Amino acid sequence: MGDKLKAYFEDFLRKDPIFSNKKVLQTNYNPEKISYRDEQLESLASTLAPSLRMEKPSNIFLYGKPGTGKTLLTKHVSKQILEVANKNNLSLNIIYINCKMKRVADTEYRLIVQIASEFGKKIPATGLPTDEVYKIFIKAIDEEKKLILLVLDEVDQLVKKAGDEILYNLTRLNSELKNVELSFIGISNDLLFLDHIDPRVKSSLSEEEFVFPPYNALQIQGILRERSEMGFRAGVVSEGVIEKCAAYAAREHGDARRALDLLRVAGELAERKNKQKVTIEDIDEAEEKIEKDKIMDIVSTQPKQHQLTLLSIFSISEITTDHIFTGDVYEVYQDYCNKIKVKPLTQRRVSDIIAELDMLGIINVRVISKGRYGRTREIKLAIPNSAVPKIKTILKEGLNL
DNA sequence: CGAGATTCATGTGAAGTATACCTTTAGGCTTAA
DNA sequence: AAGCCTAAAGGTATACTTCACATGAATCTCGTA
């Protein structure tokens with residue numbers, strides 16, 4: 001038993017590794033050089049530069065489709081600025097918050113709590129009035145003179161859920177602060193986001209606006225080449241692999257992150273299969289795996305009730321190819337609840353949950369009127385049918401079904 | 001035949017409730033002088 | 001008397017429920033061409 005395992009590990013060690021430096025291909029990797037975003041890099045840098053003179057920089061708003069380098073660039077510039085600031089003993093803080101994170105920063109209260117905790121201030125998760133939380137927060141940071149850059153990634157998600165007053169309150173925060181100056185960097189995937197918010201907030205939040213256009217296929221190829229040279233051993237990546245990754249990603253509105261994921265996962269799959277080269281076939285497989293992993297990730301972190309709702313939708317989708325309606329989902333949902341002895345929520349709530357699941361992108365939902373036969377949500381799966389059974393079984397396991 | 005009324009199944013908004021947690025405060029107990 | 005602990009009172013955020021009204025096109029109704 002042990003020998004076999006040891007042999008496997010020995011083998012693993014001896015085997016020609018596909019990767020030379022896998023980190024480079026991971027999505028959280030921060031490259032030294034960012035290609036094809038020179039213009040944005042320069043704009044961002046020049047807008048933020050005054051912060052090194054302890055002058056409050058303009059608020060900035062970045063938007064563009066996913067995987068166009070918004071977050072990457074922001075982090076990159078932040079890092080550089082911070083390094084310089086530290087070297088010169090400037091009290092400059094850059095706080096990065098991702099507003100999408102469920103149960104972390106998806107309400108006004110939680111957002112402030114989250115920001116405060118970045119400053120080491122613990123605030124209870126519930127129980128305090130929101131303006132009290134603001135006060136605690138202000139008190140905590142306003143002690144010494146400093147400059148804070150607050151990066152709000154995926155603000156659109158936050159505003160969609162909790163309204164744009166949050167942004168108003170945040171921008172107003174500056175007048176309450178005596179020593180600290182606060183600048184905002186908002187990042188949004190939704191190109192129309194700015195059109196939907198209060199004009200007053202808009203004008204103060206986006207004093208500067210930078211658009212991140214999608215990468216075209218050639219640019220993605222370029223990015224992939226750079227990274228694969230660093231990440232893979234020479235000659236491991238077969239002819240056409242990069243082109244294919246780029247083509248896949250270009251199809252998805254030029255999402256570079258996706259392209260990189262694709263390449264990395266393809267490499268991992270090849271490695272697992274003890275292959276010497278990454279081939280085009282690996283990419284197809286990787287595509288499927290990424291999709292599945294992504295969904296699994298979202299699904300498994302959902303609260304129980306959401307999972308039950310989702311499970312109901314999946315179950316129905318397996319028996320019919322027709323569109324699914326809220327009423328059907330609710331019936332199945334109740335059955336599942338009874339089976340595991342959980343008190344079912346009301347249809348009102350389930351209706352809201354379905355809307356939330358839509359926001360997550362697992363399903364697509366449209367409110368339609370079926371005339372004489374009432375009005376309902378028309379639910380469609382936003383994931384490949386092939387992935388359903390597996391997710392379903394995992395869901396069931398997690399729910400003791 | 002077509003304009004207008006009806007109808008259905010659920011969307012949607014507002015207000016209320018349950019839960020879990022918070023701070024404040026008042027009383028009771030202990031302690032030390 | 002001062003200090004400390006505890007429990008009750010009074011407050012909030014969040015997830016959910018309850019109630020009531022809004023929707024909007026397929027279908028029905030009925031007057032008219």
Side-chain angles (χ1 to χ4, degrees), chain A residues 97-117 119-140 157-170 173 196 198 298-313 315-317 320 322-338 340-360 362-381 398-399:
Chain A
I97 304 268
N98 189 325
C99 304
K100 200 172 84 180
M101 294 186 45
K102 187 119 186 148
R103 278 151 212 283
V104 173
D106 58 350
T107 69
E108 178 167 25
Y109 186 101
R110 297 209 260 242
L111 177 67
I112 305 297
V113 169
Q114 188 60 25
I115 301 170
S117 80
F119 285 97
K121 189 80 188 170
K122 286 271 167 276
I123 301 180
T126 172
L128 298 186
T130 305
D131 44 342
E132 188 66 27
V133 176
Y134 270 106
K135 275 185 208 145
I136 300 175
F137 171 61
I138 288 173
K139 212 169 165 189
Q157 301 282 331
L158 175 67
V159 170
K160 234 180 244 161
K161 271 197 76 170
D164 55 6
E165 286 145 53
I166 299 180
L167 297 182
Y168 180 70
N169 290 339
L170 283 177
L173 220 51
H196 302 314
D198 189 323
I298 303 175
V299 168
S300 57
T301 55
Q302 287 305 300
K304 203 181 211 168
Q305 296 292 357
H306 294 230
Q307 291 190 353
L308 278 165
T309 310
L310 206 48
L311 179 58
S312 312
I313 294 172
S315 298
I316 298 173
S317 81
T320 167
D322 268 358
H323 291 304
I324 304 168
F325 304 121
T326 307
D328 308 334
V329 174
Y330 189 63
E331 273 177 37
V332 178
Y333 162 81
Q334 279 178 310
D335 286 349
Y336 277 128
C337 282
N338 290 331
I340 58 169
K341 307 248 189 302
V342 168
K343 198 175 154 222
L345 301 177
T346 40
Q347 181 156 346
R348 175 75 185 79
R349 178 64 185 142
V350 172
S351 169
D352 279 349
I353 290 178
I354 292 174
E356 282 173 43
L357 291 173
D358 175 50
M359 293 241 283
L360 285 171
I362 306 177
I363 55 177
N364 287 324
V365 155
R366 221 161 45 117
V367 178
I368 53 154
S369 176
K370 291 186 292 157
R372 184 64 207 271
Y373 305 104
R375 221 163 108 81
T376 183
R377 285 200 165 85
E378 184 186 69
I379 302 166
K380 261 192 307 185
L381 293 188
L399 291 162

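Note that this is a predicted model, so its numbers are computed, not measured.
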Under the side chain to side chain donor-acceptor pair (under 3.5 Å) rule, what do A:Y333 and A:Q347 come out as? Steps first, then yes or no, please.
CA-CA 10 Å; A:Y333 162 81; A:Q347 181 156 346; over 6 Å; no

Residue pair A:L360, A:H306: steps toward the side-chain contact (heavy atoms from CB on, under 4.5 Å) verdict
CA-CA 11 Å; A:L360 285 171; A:H306 294 230; 5.7 Å; no

Run the side-chain contact (heavy atoms from CB on, under 4.5 Å) check on A:Y134 and A:N169 step by step: do they pass?
CA-CA 9 Å; A:Y134 270 106; A:N169 290 339; 3.3 Å; yes

Would you say the side-chain atoms of A:T320 pair up with the backbone N or O of A:S317, donor to acceptor, closer than 3.5 Å?
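No, A:T320 side chain to A:S317 backbone: no donor-acceptor pair under 3.5 Å.
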
Whether the side chain of A:Q157 engages the backbone of A:C99 through a donor-acceptor N/O pair (distance < 3.5 Å, no angle test) should be reported.
no

Is there side-chain contact between [X] and [Y], with heavy atoms separated by less than 4.5 Å?
X      : Y      : answer
A:F325 : A:I368 : yes
A:I353 : A:Q305 : yes
A:V159 : A:I166 : no
A:L170 : A:I112 : yes
A:L308 : A:L345 : no
A:Y336 : A:L399 : no

For DNA chain C, the residues among residues 368-376 of chain A that have a non-hydrogen atom under 4.0 Å from it:
A:S369, A:K370, A:G371, A:R372, A:Y373, A:G374, A:R375

Which residues pass the salt bridge (charged side-chain N to carboxylate O under 4.0 Å, His left out) test with A:D106, sequence neighbours left out?
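Salt bridge (charged side-chain N to carboxylate O under 4.0 Å, His left out) check on A:D106 returns A:R110, A:K161.
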
First-last contacting nucleotides on DNA chain C - partner chain A, under 4.0 angstrom, heavy atom
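So the outermost contacting nucleotides come out as C:dG11 to C:dC28.
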
Please give, in whole Å, the distance from [N] [atom2] to [X] [atom1]?
X      : N      : atom1 : atom2 : answer
A:F325 : B:dG11 : CZ    : P     : 11 Å
A:H323 : B:dA9  : NE2   : C1'   : 18 Å
A:Y330 : B:dG11 : OH    : P     : 12 Å

If you look only at pairs with a residue in residues 370-381 of chain A, which of them pass as a side-chain hydrogen bond (donor to acceptor under 3.5 Å, both in side chains), with sequence neighbours excluded?
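The answer is A:T326-A:T376, A:S351-A:R377, A:R366-A:E378.
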
In residues 160-169 of chain A, which residues come under 4.0 Å of DNA chain B by heavy atom?
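Those residues: none at all.
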
Ignoring backbone atoms, test whether A:R377 places a side-chain nitrogen or oxygen under 4.0 Å from the OP1 or OP2 oxygen of B:dT12.
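A:R377 to B:dT12 OP1/OP2: side-chain N or O found under 4.0 Å.
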
Each nucleotide in nucleotides 18-25 of chain B should get exactly one letter: B, S or -. Can you fill that in based on protein heavy atoms under 4.0 Å?
---BSS--

